[in-house]
Amino acid sequence: MLEPSPNKSAMSSPDELPKAYKPAEVEPVVLRRWDESGAFVADPAKVFSGEREPYCILIPPPNVTGALHLGHALNNTIQDILTRSHRMMGYETLWMPGTDHAGIATQAVVERRLKREQGKSRKDFTREQFVALVQEWKDEYEKRITGQLKAMGASCDFSRQRFTMDEICARAVREAFFILFRDGLIYRGKRLVNWDPVLQTAVSDDECYDEEIDAGFYYLRYPLVHWGVRDAATKPGNKEGGIRDAMPVTWDELAVRGYPGAEAHPGEQQAWVTVATTRPETYLGDTAVAVNPHDPRAKSLRGLWVELPLVGRIVPIVEDDYVVLPAALARDEEEKNDPKAAYATGFLKVTPAHDQNDNELYTRHKDVIDSNSAGTGLINVMGPDGAISDKHGWADVSHEAARLFVGLSREDARKKVLSEFKVRTVGDSGYLLLEEIKPYRHTVKHSDRSKAIIEPWLSDQWFMKVTDGRMARSANEALVAEQRSGGTQEGSEGTRHQGIKGDRKKQQHLRFHPARYAKMYEQWHDNIRDWCISRQLWWGHRIPVWTRAGTSWSESEMSEFDLKQRFATTDTFLESVTSNLVLGARFDAATGATTGFACIAPGSEELERRLEAKGYKQDPDVLDTWFSSALWPLSTLGWPDPDQSPQTKGLLGAFNPTSVLSTAREIITLWVSRMVMMNRYLLGGTALQSSVLGATQTALESSSTFTALESSATNVRNQHSTGPVPFRDVFIHAVVQDGDGKRMSKSAGNGVDPLDIINSHGADALRFTLCQMTTQTQDVRMPVETVCPHCAHVFALEAKHQITKDTKGIADARCPECKKEMVTSLGVGTGQMKPTADKPAATNTSRKFDAGRNFCNKLWNAARFGLGILGSSGPGVTPEGSDASTSAGRDARSTGSGMAKSLVDRWMLSRLRRSVAEVNAALEEYQFASYAQTMYDLLWRDFCDWYLEAIKPTAAGDAQQRAVLAHSLETIVRLLHPVTPFVTEAIWERLKDVETAPVDGFDLGPSRSVEMTDGDRRATQESPRSLLCMAGWPRLGASLNDEAAERDFARVQAIVTMIREVRAQHNVAPKRRVTLHAPSGLLDELRASGGLGYVELLAGLESATEVSAATGTACVSLRLETYDLVLSNLTDRVDAGTEKERLAKELGDKTKAASVMSKRLENPGYVAKAPPKLVEESKAQLATLEAEIAGLSKQLEAMG
RNA sequence: GGGCGGGUAGCUCAACUGGCUAGAGCAAUCGCCUUACACGCGAUAGGUUCCGGGUUCGAAUCCCGGCCUGCCCACCA
């Protein structure tokens, strides 16, 4: 490999251009030139001055948990294609790079490494020490990720690279938290979360996995009771008041009430209901029993209560549709087929503190359930370790229950409950409390990190109120009208037809590509729940709230902070609000404790010190990693104060809203939605800004009731004006899967490092192939193979060597060729594998990338050839007259003056123009595969196969043709630059200096004509002309469109192909010249269009003459449309058998086609109803086919 | 359970709102080191478009039903 040096040319001198494109020699040189030019540094001033329109993409920040894989490579290729093409189109472009701290994921990989390498856990370090260790990991992988991006050719503005936990992002997080908190959109609440009792932290749904376990369905009998108040004057639920008695309900009484089945227990004193549960231990926290209102038993139970055995709590019976009816009571097939119907009893124990559904049921029947003997419907009977505890909200614990259960683990508690229920009876009835146990297999949520069973646990967490209209509704309103389901039909029709070509770059709404994802986005917001934003971790943004237990704010403290006003929101008691401080108190109904708190805006360190001096401590929790991700379009651009840092100066105003977000579909909910909500809210007119705030306080002071306060606050919220969307288009790209259809990801262990592909195939090949694969479908398959590090043998790795959830470790593999051992590189990025000298790391590859490599090589050689011709006769216009040695030159229309272009030149220009239009359309619609396909056809099929072959004899002597050649090559190179930036940049280095005559209709952009201003020089002396990445995007005028040339050349191609077929069939040596005999009509036509010479050249003809009686030796007859042709001098002796076979096949094909056509025309419906144009076409085709068939049969007959 | 994709040549994928004999690349076969490229050139073969109905002059495309496969969301007393 050549040593890259700044002055070294990426492309050697023309005579010594290597035959094959060698990416490893070119890429480092080109990279260095880009880097030094500062070409990718955005200048917001250009946007403000109106000189350029902005175009901005924010990279979806990859997690610093590991290195990038091909999924990232795909997304980054897309973003770079968009960025580079728009840069060339003249937009001021900013592609913002960055990485994500990825909270729990990163903390977990670092913890895992510590455990493995040092046998230590996080608790062996102080928080500061541990965070420093994670920081080291982050630095390492951030560097690696940046290196990968650069190697791929990503034209990011690396001078502005962000990290979600750097200072600029941290400021945005603090500011956003403060505003949202102040405006009542963040609250502290006791909610059910996914609790990991081992790690003792809340985890999100995507940090859990489901696993089926064998368990049981348990049937518990709860005695029915009357629960009355003796003193009628006292309200139920009032603890001090009435004396209440629980009296058993008898079966006889139930029978009187009409309870079906009660007759079966005549004379028995204690009636009961049976609940079915998989979690008997949670019965300690039951606060109700639910029954379906359609259950025939429901009516007769009204007014009755249930007494929890041992616990003694009296709980109400509520009626709710949610309860599944047992199969015997099912009202229709659907209910009957509900798998739960087989297990249901019709009675459901309601445990709102330990089950999500019960919790929801509780909120529906809050008033009734809260009237139980505990006075609250929410009773938490577990501690953070999952053990039964009476310290977390279980106030009415009985002596019996405390003695038996408190202190037991979840598992032991279940056993204990069952053993007790097995020996105790329902009242004195003689029936056991435990009716039955049925075996049951079901899926249970487990924590990804600790593998422990997740406990839905009631804990104090911070929530973001995304259910608020300012969030969820606002996010749906951001959708462009035609993608909203609620939009009127008329409106959407209208916009679809005229709108699509409108200036999308300026649209104020969000548009998904493909459109179907808008639905997913919308449905998410329709069913959204408040977002738990706190995590009990060390790696992340600390929550900027300081608390002190057991106190509210004293008057003296209030005055110390110069705060006088008080008002409330629904969720917390805010005692005062200023521009940088929110003080308040919170009363916890469960524990009766009050907590004073303060939320502090960024940049108020003095306040923090004063609070801490008073004993206030910052909340130890950190924010969910998606909180900072949600602010990405704001934080990276410098919000709230872009001018504070030179890196972000002016960015927010110039580039938000950004142009497009390219991302994967699974984070539409986690990320896209939240960015939209944050951007719209935080860039909108903030509700409680000082002026509005004043008005609010006035309103509040005059209000006397809490309801009035609340409605005032609502009014204020409704005044909030909505900000812009963070991006106008959202492109959802395909997911890269491996050869077995499994999603490619680091954790799945089948990720491929793009650097492996860059090493084996080159960055451009990687990019071209990925671009080609990016269809509108939702998945793409990428079969992965392993390269042996010893012998470079390529083989498919067996599944057992891949890292999976089960193997979880280093997977050794053995090369089937040299039998030596290696560790597969899969998963190296996560630090799970350690290559050694004996067992080096294997790399990966995929044959898919051969296509990209071949394409780049083709371009390289086409350029090499083109440059050879263009350089050979020196610069400038060479006078005509040089000897055109074949008839192609003679036939060309240009007969010396150089004014008229030859057929093939006109054809090439027309094809170029069409291709530019196709590429533009593909980019506009995010059809990347179509972009690649267009360029493949243009370069390979049109330019190389036909154009270059056709001009070989003439180009050297035809200045005008050389001009067309130069313009064609340049257009292709420019069009391809966004996809294959390295090879095109290398070619450009030589191509840019080629001078030719102008070609009318070309506008290759400012680089050819525009004078540079000083500002254009960016950081260096590079002129825009000197780098392709800063050159203009081709614009080809309508005058280049030439249908006649396309038609005429298509005929040339048809004849040439036909002759080649015959030659191949008869095994004619390529060098042998044959003679074509054709009717004068055809020859005249070809001559007139200027195509005859190309036929001769490309079909390997000695000459083309009129059909004559004596056609010479070795003749073969051909049939083209209505013309009979003869090829002579084909071989020394034509094999009659081969020829007959050929003709017969030809005849068969034509006959088949003709019968399809005639059948179609015989159909009266077709002639009557199909568009006349189609019918005419069919008729013409049939006529041609019939003529050919006639000719062929005649020829076949003649042969005997 | 709800929603969304996909099923087309041996493999990976195309085919715009229904309309040329359903197309490419790879692999296969045949012939070529033709003076840009063997990472190449020329040619050949290969498809009952998952199955069954329907609408239509006409269906890979639209509708209904089924099978297979992938993803997202919810649920899992």
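Every heavy atom of this structure was used, including side-chain atoms; hydrogens, water molecules and symmetry mates were not. So that the names make sense, note that chain A is the first sequence line, chain B the second, and so on, each numbered from 1.
Between the C1' atom of B/G42 and the CG atom of A/Asp945 lies a distance of 10 Å, rounded to the nearest Å. In this structure, A/Glu1141 atom CD and B/U44 atom C1' are separated by 11 Å, rounded to whole Å. For A/Met773 and B/C13, the CE to P distance is 7 Å, given to the nearest whole Å. Rounded to whole Å, atom C1' of B/C37 lies 11 Å from atom CZ of A/Phe865. Regarding A/Glu1146, its CD atom lies at a distance of 16 Å from the C1' atom of B/A45, rounded to whole Å. Nucleotide B/U17 holds its P atom 12 Å from the CD atom of A/Glu925, rounded to whole Å. Rounded to a whole Å, the OH atom of A/Tyr517 is 14 Å from the C1' atom of B/C73. Between A/Met520 atom CE and B/G2 atom P the separation is 17 Å, expressed in whole Å.
With A/Arg962 contributing its side chain and A/Ala955 its backbone, the two residues share a donor-acceptor pair below 3.5 Å. Here the side chain of A/His446 pairs a donor or acceptor atom with the backbone of A/Val444 at under 3.5 angstrom.
With hydrogens and angles left out, the side chain of A/Lys858 and the base of B/C37 share a donor-acceptor pair within 3.5 Å. Taking 3.5 Å as the limit, the base of B/A36 and the side chain of A/Glu949 contain a donor-acceptor pair of atoms between them.
Look at A/Thr775 and you'll find a side-chain N or O under 4.0 angstrom from OP1 or OP2 of B/A14. The side chain of A/Arg853 places no N or O atom within less than 4.0 Å of a non-bridging phosphate oxygen (OP1 or OP2) of B/C26. An OP1 or OP2 oxygen of B/C41 is reached within less than 4.0 angstrom by no side-chain nitrogen or oxygen of A/Trp946. The phosphate of B/G3 has neither OP1 nor OP2 within less than 4.0 Å of any side-chain N or O from A/Lys519. Taking 4.0 angstrom as the limit, A/Lys952 places a side-chain polar atom (N or O) nearer than this to OP1 or OP2 of B/A36. Between A/Lys1145 and B/A45, a side-chain N or O to OP1/OP2 separation shorter than 4.0 Å is present. Distances shorter than 4.0 Å separate none of the side-chain N or O atoms of A/Arg1142 from OP1 or OP2 on B/U44. Residue A/Asn861 places none of its side-chain N or O atoms closer than 4.0 Å to OP1 or OP2 of B/G40.
Side-chain proximity of A/Trp940 to the nucleotides B/A36, B/C41, B/U21 is greatest for B/C41. Here the nucleotide nearest the side chain of A/Arg516, chosen from B/C4, B/C39, B/U56, is B/C4. Nearest to the side chain of A/Gln523, among B/G42, B/C72, B/G3, sits B/G3. Looking at the side chain of A/Ala1170, the nearest of the listed nucleotides B/C73, B/G31, B/C57 is B/C57. Between B/G25, B/C39, B/G19, one nucleotide has an atom nearer to the side chain of A/Asn857 than all others, and that is B/C39. The side chain of A/Ala1153 lies closest to B/U21 when the candidates are B/G25, B/A24, B/U21. With distances taken from any side-chain atom of A/Arg1160 to the nucleotides B/G25, B/U21, B/A43, the minimum falls on B/U21. When distances are taken from the side chain of A/Leu1185 to each of B/G19, B/G25, B/U21, the shortest belongs to B/U21. Across B/G3, B/A36, B/C71, the shortest atom-to-atom separation from the side chain of A/Arg665 is found for B/C71.
Ring pair A/Phe943/A/Tyr947 is parallel by interplanar angle, where below 30° counts as parallel and above 60° as perpendicular. In this pair, A/Tyr222 and A/Tyr283 present their aromatic rings tilted. The plane angle is within the 30 to 60° band.
Judged by Watson-Crick or G-U wobble contacts below 3.5 Å, the nucleotide B/C71 has B/G3 as its partner. Pairing partner, B/G46: none, since no Watson-Crick or wobble contact has both distances short of 3.5 Å. Partner assigned to B/G40 is B/C32, using Watson-Crick or G-U wobble distances below 3.5 angstrom. In this entry B/U17 has no Watson-Crick or G-U wobble partner, no candidate having both defining distances under 3.5 Å. When both pairing distances are held under 3.5 Å, B/U56 makes no Watson-Crick or G-U pair with any nucleotide shown. Searching all strands for a Watson-Crick or G-U wobble partner of B/C26 with both distances below 3.5 Å returns B/G10.
Of the residues near RNA chain B, A/Val275 and A/Gln1181, the one whose nearest nucleotide (by heavy atom distance) lies more toward the 5' end is A/Gln1181. Mapped onto RNA chain B by nearest heavy atom, A/Val1167 and A/Arg529 fall at different nucleotides, with A/Val1167 at the one closer to the 5' end.
With contacts defined as side-chain heavy-atom distances shorter than 4.5 Å, the pair A/Ile757/A/Leu70 qualifies.
The same atom, P, is picked in B/G25 and in B/G54; the two are 38 Å apart, to the nearest Å. Straight-line distance between the C1' atoms of B/C39 and B/C68: roughly 38 Å, to the nearest whole Å. Across B/G65 and B/G5, the matching P atoms stand 16 Å from one another, rounded to whole Å. Nucleotides B/U61 and B/A9 are separated by 15 Å at their P atoms, to the nearest Å. Atom name C1', nucleotides B/U35 and B/C30: the rounded distance is 25 Å, in whole Å. Look at the P atom in both B/C75 and B/G66: the space between them is 27 Å, to the nearest Å. Taking the P atoms as reference points, B/G58 lies 33 Å from B/C13, given to the whole Å. Using P as the reference atom, B/C37 and B/G46 are 34 Å apart when rounded to the nearest Å.
Heavy atoms of A/Phe855 sit nowhere under 4.0 angstrom from any nucleic acid atom. Contact annotation for A/Pro1171: base contact, defined as any heavy-atom pair under 4.0 Å involving a base atom.
Of the inter-residue distances, the one linking A/Trp860 atom CH2 with A/Tyr21 atom OH reads 7.0 Å to the nearest 0.5 angstrom.
Checked for salt-bridge contact, A/Asp945 and A/Arg941 meet the test: a charged N lies under 4.0 Å from a carboxylate O. For the pair A/Lys519 and A/Glu522, the salt-bridge criterion is not met [side-chain N within less than 4.0 Å of a carboxylate O].
Using modelled atom types, one finds no donor on one side chain facing an acceptor on the other under 3.5 Å when comparing A/Glu925 with A/His513.
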